[in-house]
2 protein chains.
Amino acid sequence: MAGASIKEVARHAGVSLGTVSNVLNRPDMVSPTTRQRVLDAIAELGYVRNDSARQLRAGQSRTIAIVVLDVANPFFTDMVRGAEQVVEETGAMLIVCNSGEDSARERRHLELLEEQRVRGVLITPVGDGPQPHLEKLIDRDIPVVLVDRGTGRASRCSVAVDDVLGGRLAMDHLLDQGHRRIAYVGGPLSIAQVAERHAGAAAALEDRGAGAELRVAATTSLTVAAGRRAAQDLLALPARQRPTAVFCANDLLALGVLQELTARGLRVPADIAIVGYDDIEFAAAAAVPLSSVRQPREQLGRTAAELLLEEAEHGVAHQHRHVVFQPELVVRRSSDQVRRARR
Amino acid sequence: MAGASIKEVARHAGVSLGTVSNVLNRPDMVSPTTRQRVLDAIAELGYVRNDSARQLRAGQSRTIAIVVLDVANPFFTDMVRGAEQVVEETGAMLIVCNSGEDSARERRHLELLEEQRVRGVLITPVGDGPQPHLEKLIDRDIPVVLVDRGTGRASRCSVAVDDVLGGRLAMDHLLDQGHRRIAYVGGPLSIAQVAERHAGAAAALEDRGAGAELRVAATTSLTVAAGRRAAQDLLALPARQRPTAVFCANDLLALGVLQELTARGLRVPADIAIVGYDDIEFAAAAAVPLSSVRQPREQLGRTAAELLLEEAEHGVAHQHRHVVFQPELVVRRSSDQVRRARR
DNA sequence: TATAGCGGCTAAAACGTTTCATCCAGTTGA
DNA sequence: TCAACTGGATGAAACGTTTTAGCCGCTATA
């Protein structure tokens, strides 16, 4: 029972091998009576298609992969859910791979995906430099869509949110609130999003921040724990260098900073204001509700998946596109001086 | 360049097909000089193994799947990370599938996984009843390990946390704090964890809760949004029926309840106390730090993966095991009457 | 000197599909 | 009555691996 092949089904139903295949793939090309005989045989033998053989013949799988930086970061899981919606409508399967911000793991995953001849890859790449493994996929005509990551490259589609603008929004807001010593918490800078959000903040400062300064507190990853450590570093500074506001590269960091500051007895935003990035669901529910730069998380995943499917379908005729969404600042208590007064 | 097969590599290196295969799979069986010739050819042609063909021949893939109830729930992503650690050490690949608490999607995923002849499946099943698709996998000798879900069945391994005990811990704590009208927020009850946590709470009440009552506020899913709706329902009750404490089936619900109560101007824990379940990272960082029943999230994933690999390796010789971890109550401000007084 | 053993390699079969060229028996049209 | 077509089925080839049996030339042993 376990492991009947198409051949045994054929024998059992007294028909040829090709006929069984037809029943499976274009049922209306076979007469109702034989079709039924075949279906009965299938049911009786508990036959299940062997996808390896199918793929081998087809040269391609019906699987699409999404490679994210951190599967435990709600920003990415929301993105995954968006992509899922689109992919599953087509009967394909979305598999989720986690690079964990580790470029060796990323490479390993891409190698395996290439061996599997996946139909396409959605990826938020770890590094910012040249991406030989991605190029290799593209050489093989496996469509690649960069997610949450713009690109000048004409060789692939991309879906991104304007991170420079996001950085500007956050910085402008903090400057508006009267802050003059501001820290940017994030890292590693090799992650493009981290660098661009910083660039935006720096540009805003440049434009109008006479007398203001932006210090970088580098982290090694984008997690709550890293945020806590960064906060410790900031608190170790001499009082007159200590920032009055912190802009974090993502919400996990911001939550970590918030936890550590609170644990050390500082008040947010009275002593130090915080702005995060992503606006994950938990930002609004934090001990002090977190101001954050909102990204259209599910939309990002949906759009990326749509571009990928389009490319997979149209092949060479496909025109690469670069979709850029606008972020939006959501001000909550963690950076709101007015409410602070009211508190 | 895109799509060289082993055959072309062989021709290019002037050697037979089997030799190339040997270079790939048991390099020391082939002499250094030919080995190098083959490796050169591989590099030059950009050859990449075709996993479909490999699997077809092997009859099995090197992929392990984990099917979770909600990929956006940090509890599950932590579990996934635990499983990843173990699986990747073996060179296999872990693919993450999301059933979204939807049994049709779960079935669809299992069908696809079966077609792919995955080496094994880690799953937190949606329903509690008989599980025909799981049985089907097992009939096919595909190992299945139930995660976060105990079972009496002898036909598979399982890894779980004692949910009845967890429910007891939460309820005992609330009773200790003097609460007498308590609500259990969770659902659907067809999810075993939901039912067992409730059972534990009910048992605790039975044991010692003279004069106390436990009302069930059923939800349709285990999300923040569902928690908010449940809180609205509770607030719609006449004042004298309104509970003074809420025990939630997971932390997402608890955060939702917390948000809604706060938005409606109620104080936590003064007006209503809350205890959650899972102790996800965000529980401690919530507006009011959340008491929660802690589960060993990553450990759960690691152990499950280890059991699965063991079964996959030893085949029939394998003895099914059922590992049960103990949960632990973490009391924070959301249910702490002492701190409430101090506040 | 015959024999056995061995390292290194080859040739061919097998895995389970899908597809393509054929074939066959009816039916239609002239 | 014959040719042309048609719907429904068949048989075989092909996809790219891995594995197994076997071959060949060499060395060590008796």
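Below, chain A is the first sequence line, B the second, and so on; all start at residue 1. The figures that follow rest on heavy atoms only: side chains count, while hydrogens, waters and symmetry mates do not.
- Residue B/Q116 contributes atom CD, which lies 17 Å from atom P of C/dG16 at whole-angstrom precision.
- Regarding B/L56, its CG atom lies at a distance of 17 Å from the P atom of C/dA13, rounded to whole Å.
- Applying the 4.0 Å criterion to OP1 and OP2 of D/dT18, one finds that B/R26 has every side-chain N and O outside that range.
- Phosphate contact (OP1/OP2 of C/dC9, side-chain N/O of B/T34, threshold under 4.0 Å): present.
- Distance, B/E8 CD to D/dG16 C1': 11 Å, rounded to whole Å.
- Nearest to the side-chain atoms of A/S31 among the listed nucleotides D/dA9, C/dC9, C/dT17 stands D/dA9.
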Steps toward side chain to side chain contact (heavy atoms under 4.5 Å, CB included) verdict (B/V20, B/K7)
CA-CA 8 Å; B/V20 178; B/K7 199 190 308 183; over 6 Å; no
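- Looking only at atom types and distance, the side chain of B/E106 has no donor-acceptor partner in the side chain of B/S99 under 3.5 Å away.
- No hydrogens or angles considered: a donor-acceptor pair under 3.5 Å links the side chains of B/Q85 and B/E298.
- Comparing C/dC9, D/dT17, D/dT18 by their nearest atom to the side chain of B/N50 picks out D/dT17.
- One can place CG of B/L17 at 20 Å from P of C/dG8, the figure rounded to the nearest angstrom.
- No contact: B/G59 has no heavy atom under 4.0 Å from any strand.
- Ranked by how close their nearest DNA chain C nucleotide is to the 5' end, B/A53 and B/V15 are led by B/V15.
- Using modelled atom types and a 3.5 Å distance limit, the side chains of A/Q116 and B/R62 yield no donor-acceptor pair.
- Side-chain nitrogen and oxygen atoms of A/S21 include at least one within less than 4.0 Å of the OP1 or OP2 phosphate oxygen of C/dT18.
- Look at CG on A/D51: it is 10 Å from P on C/dT17, rounded to the nearest Å.
- At C/dC15, none of the side-chain N or O atoms of B/R54 fall inside 4.0 Å of OP1 or OP2 (strictly under the cut-off).
- Protein atom CE of B/M29 is 15 Å distant from nucleotide atom P of D/dT18, rounded to whole Å.
- The nearest pair of heavy atoms linking B/R108 to A/G91 is NH2-O, 3.3 Å.
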Let me see the working for B/H322 and B/H320 under ring pair (Phe, Tyr, Trp, His ring centres under 6.0 Å), right down to the final yes or no.
CA-CA 7 Å; B/H322 304 282; B/H320 293 296; 7.5 Å; no
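- The side chain of B/T19 places no N or O atom within less than 4.0 Å of a non-bridging phosphate oxygen (OP1 or OP2) of C/dC9.
- Residues B/V121 and B/V67 have side chains in contact (heavy-atom distance under 4.5 Å, counting atoms from C-beta outward).
- Between B/S16 and C/dC9, a side-chain N or O to OP1/OP2 separation shorter than 4.0 Å is absent.
- Side chains of A/N98 and B/E84: a donor-acceptor N/O pair is present below 3.5 angstrom, by distance only.
- Note that the two end axes of the helix from C/dT1-D/dA30 to C/dA30-D/dT1 enclose an angle of 50°, each drawn from 5 base pairs, rounded to 10 degrees.
- Rounded to a whole Å, the CG atom of B/N22 is 9 Å from the P atom of D/dT19.
- Side-chain atoms of B/R57 stay outside donor-acceptor range of the base of D/dT17, with no qualifying N/O pair under 3.5 Å.
- One can place NZ of A/K7 at 13 Å from P of D/dG11, the figure rounded to the nearest angstrom.
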